[in-house]
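The structure appears right after this line, and notes come after that.
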There are 2 protein chains.
Amino acid sequence: MSATDVRKPILTKQRRAVFDVIQSSVDHLSAGEVFDRAKETLPGISFATVYNALRYLKENGMIGEVSLSGGPARFDRITTRHDHAICEACGKLVDMKLEIPGSLLKSAIDVSGFKPRSFELTLWGTCSQCV
Amino acid sequence: MSATDVRKPILTKQRRAVFDVIQSSVDHLSAGEVFDRAKETLPGISFATVYNALRYLKENGMIGEVSLSGGPARFDRITTRHDHAICEACGKLVDMKLEIPGSLLKSAIDVSGFKPRSFELTLWGTCSQCV
DNA sequence: TATTGATTTAGAATTAGTCTAATTATAGAA
DNA sequence: TTCTATAATTAGACTAATTCTAAATCAATA
């Protein structure tokens with residue numbers, strides 16, 4: 001789907017169930033966790049459909065994805081640009097909305113030579129519970 | 001191993017082979033790619049040893065790790081703090097050394113409440129070859 | 001209603017990474 | 001040097017995460 005394609009996403013009942021699971025959770029769920037919760041409303045839903053739905057929703061900008069090292073991908077109900085802090089002790093993932101200076105972004109674009117789509121600052125460290 | 005532990009890492013010949021593979025590649029190799037190349041100098045090396053060595057070298061600050069969504073972890077010969085640009089079309093990973101303003105880092109620490117260990121700006125977009 | 005294309009399903013397959021138990025290598029003590 | 005303890009390596013089984021396949025179902029529309 002190209003950037004100029006503005007068709008409204010088709011939400012089947014399976015896709016809606018997956019979407020609702022993500023929207024209703026503050027946490028960043030893995031595909032397995034989404035599957036477990038989606039089954040509560042749609043007991044017959046299959047694992048493959050959850051994966052298909054996650055990909056579809058992501059491609060249509062309805063959910064976000066975060067990948068951490070050493071674990072499954074996690075899905076994010078926030079789709080606007082934002083940042084993450086990751087606790088290396090307990091794995092906690094915290095959303096942050098930081099103001100990234102335009103000059104920093106400009107130098108990233110200049111140095112890489114990339115056409116930018118998005119960007120994110122990630123902070124690794126220890127959360128207040130784990131210190 | 002704690003931050004105050006300054007013992008010199010023990011480099012067996014397998015660990016050295018793995019280290020050399022990563023040092024001699026500008027690309028960010030996956031564990032599988034490291035295994036293939038390490039076998040060229042050490043034909044008997046096993047997959048498990050490559051994983052063990054990668055973990056050991058990482059814990060001892062001799063290599064870095066980058067995780068992208070939808071793919072295996074990749075290893076990085078650069079161990080000093082730096083940033084990455086990722087091409088969403090071809091998967092290319094480009095190293096960048098950006099000057100992250102202290103004020104930005106401070107607000108990330110304040111917002112998250114984390115004790116920081118490291119941080120990184122990631123830029124997603126399209127590289128010059130893929131535009 | 002019949003057709004067509006998209007979606008879902010179950011389960012197999014694949015990929016990435018970890019674990020286990022036996023073997024081998026290494027460093028230090030006797 | 002030989003013995004002993006510890007650590008590292010190996011092969012292969014295992015687990016977890018994700019993707020693929022082919023058949024069945026569903027939904028829109030001719």
Side-chain angles (χ1 to χ4, degrees), chain A residues 1 5 7-22 27-60 62-76 88 91 93, chain B residues 1 5 7-22 27-60 62-76 88 91 93:
Chain A
M1 177 174 265
D5 196 330
R7 265 179 308 213
K8 196 165 138 202
I10 296 160
L11 283 195
T12 62
K13 67 180 197 294
Q14 288 87 350
R15 287 174 186 165
R16 170 154 298 283
V18 167
F19 181 67
D20 289 348
V21 163
I22 290 165
D27 294 337
H28 299 76
L29 305 177
S30 66
E33 289 163 345
V34 172
F35 177 53
D36 291 341
R37 298 194 188 187
K39 269 193 297 195
E40 290 168 14
T41 46
L42 229 48
I45 196 168
S46 79
F47 218 93
T49 298
V50 169
Y51 272 98
N52 288 342
L54 290 169
R55 176 158 29 84
Y56 183 88
L57 295 169
K58 187 160 53 102
E59 283 173 1
N60 285 279
M62 298 179 69
I63 62 174
E65 182 182 349
V66 198
S67 72
L68 329 176
S69 62
R74 304 198 155 268
F75 296 88
D76 198 331
E88 294 173 317
L93 187 54
Chain B
M1 177 172 271
D5 195 329
R7 265 179 309 213
K8 194 165 137 205
I10 296 160
L11 284 194
T12 62
K13 66 179 196 293
Q14 289 84 354
R15 287 174 186 165
R16 170 153 299 283
V18 167
F19 181 67
D20 289 347
V21 164
I22 290 164
D27 295 336
H28 299 76
L29 305 176
S30 66
E33 289 163 345
V34 172
F35 177 52
D36 291 340
R37 298 194 188 189
K39 269 193 297 194
E40 290 169 13
T41 47
L42 231 48
I45 196 168
S46 80
F47 216 90
T49 298
V50 169
Y51 272 100
N52 289 342
L54 289 168
R55 177 158 28 83
Y56 183 88
L57 295 170
K58 185 161 54 103
E59 282 171 2
N60 285 279
M62 298 179 67
I63 61 173
E65 182 182 349
V66 198
S67 70
L68 328 177
S69 62
R74 303 197 156 269
F75 297 88
D76 199 330
E88 294 172 319
L93 187 54

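Reminder, nothing fancy here: chain letters follow the sequence lines and each chain counts from 1.
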What's the [atom1]-[atom2] distance between [X] and [N], to the nearest Å?
{"X": "B:Tyr56", "N": "C:dG17", "atom1": "OH", "atom2": "P", "value": "21 Å"}
{"X": "B:Arg16", "N": "D:dA8", "atom1": "CZ", "atom2": "P", "value": "16 Å"}
{"X": "B:Lys39", "N": "D:dT9", "atom1": "NZ", "atom2": "C1'", "value": "16 Å"}
{"X": "B:Phe35", "N": "D:dT10", "atom1": "CZ", "atom2": "C1'", "value": "11 Å"}
{"X": "A:Ile45", "N": "C:dT7", "atom1": "CD1", "atom2": "P", "value": "14 Å"}
{"X": "B:Leu29", "N": "C:dG17", "atom1": "CG", "atom2": "P", "value": "13 Å"}
{"X": "A:Leu68", "N": "D:dA17", "atom1": "CG", "atom2": "C1'", "value": "14 Å"}
{"X": "A:Ile10", "N": "C:dA6", "atom1": "CD1", "atom2": "P", "value": "9 Å"}

Check every atom of [options] against the side chain of [X] and return the nucleotide holding the closest atom.
{"X": "B:Ser46", "options": "D:dT10, D:dA17, C:dT9", "result": "D:dT10"}
{"X": "A:Gln14", "options": "C:dT9, D:dT10, C:dG17", "result": "C:dT9"}
{"X": "B:Ala31", "options": "D:dT18, C:dG17, C:dT8", "result": "C:dG17"}

Measure from the side-chain N and O atoms of [X] to the backbone N and O of [Y], and report whether any donor-acceptor pair falls under 3.5 Å.
{"X": "B:Arg15", "Y": "B:Ile10", "value": "yes"}
{"X": "B:Tyr56", "Y": "B:Pro9", "value": "no"}
{"X": "A:Arg74", "Y": "A:His28", "value": "yes"}

Let me know, please, whether B:Glu65 or A:Thr49 comes out on the 5' side of the other along DNA chain C by nearest nucleotide. A:Thr49

Check: B:Phe35 and B:Lys39 side chains under 4.5 Å, non-hydrogen atoms: yes

Do B:Asp20 and B:Thr41 make a side-chain contact, defined as non-hydrogen atoms from C-beta onward lying under 4.5 Å apart? no

Using a heavy-atom cut-off of under 4.0 Å over every strand shown, decide if A:Gly71 touches base, sugar-phosphate, or nothing. nothing

Strictly under 4.0 angstrom, non-hydrogen atoms only: write out the protein contact profile of nucleotides 19-30 of chain D, one letter per nucleotide from the 5' end, B, S or -. BB----------

Exactly one of B:Ile22, B:Leu11, B:Val18 should register a side chain to side chain contact (heavy atoms under 4.5 Å, CB included) with B:Met62. Which one does? B:Leu11

Distance (rounded to the nearest 0.5 Å) between B:Arg16 CZ and B:Leu42 CG: 12.0 Å

Establish, with yes or no, whether the OP1 or OP2 oxygen of C:dT7 is under 4.0 angstrom from a side-chain nitrogen or oxygen of A:Thr12. no

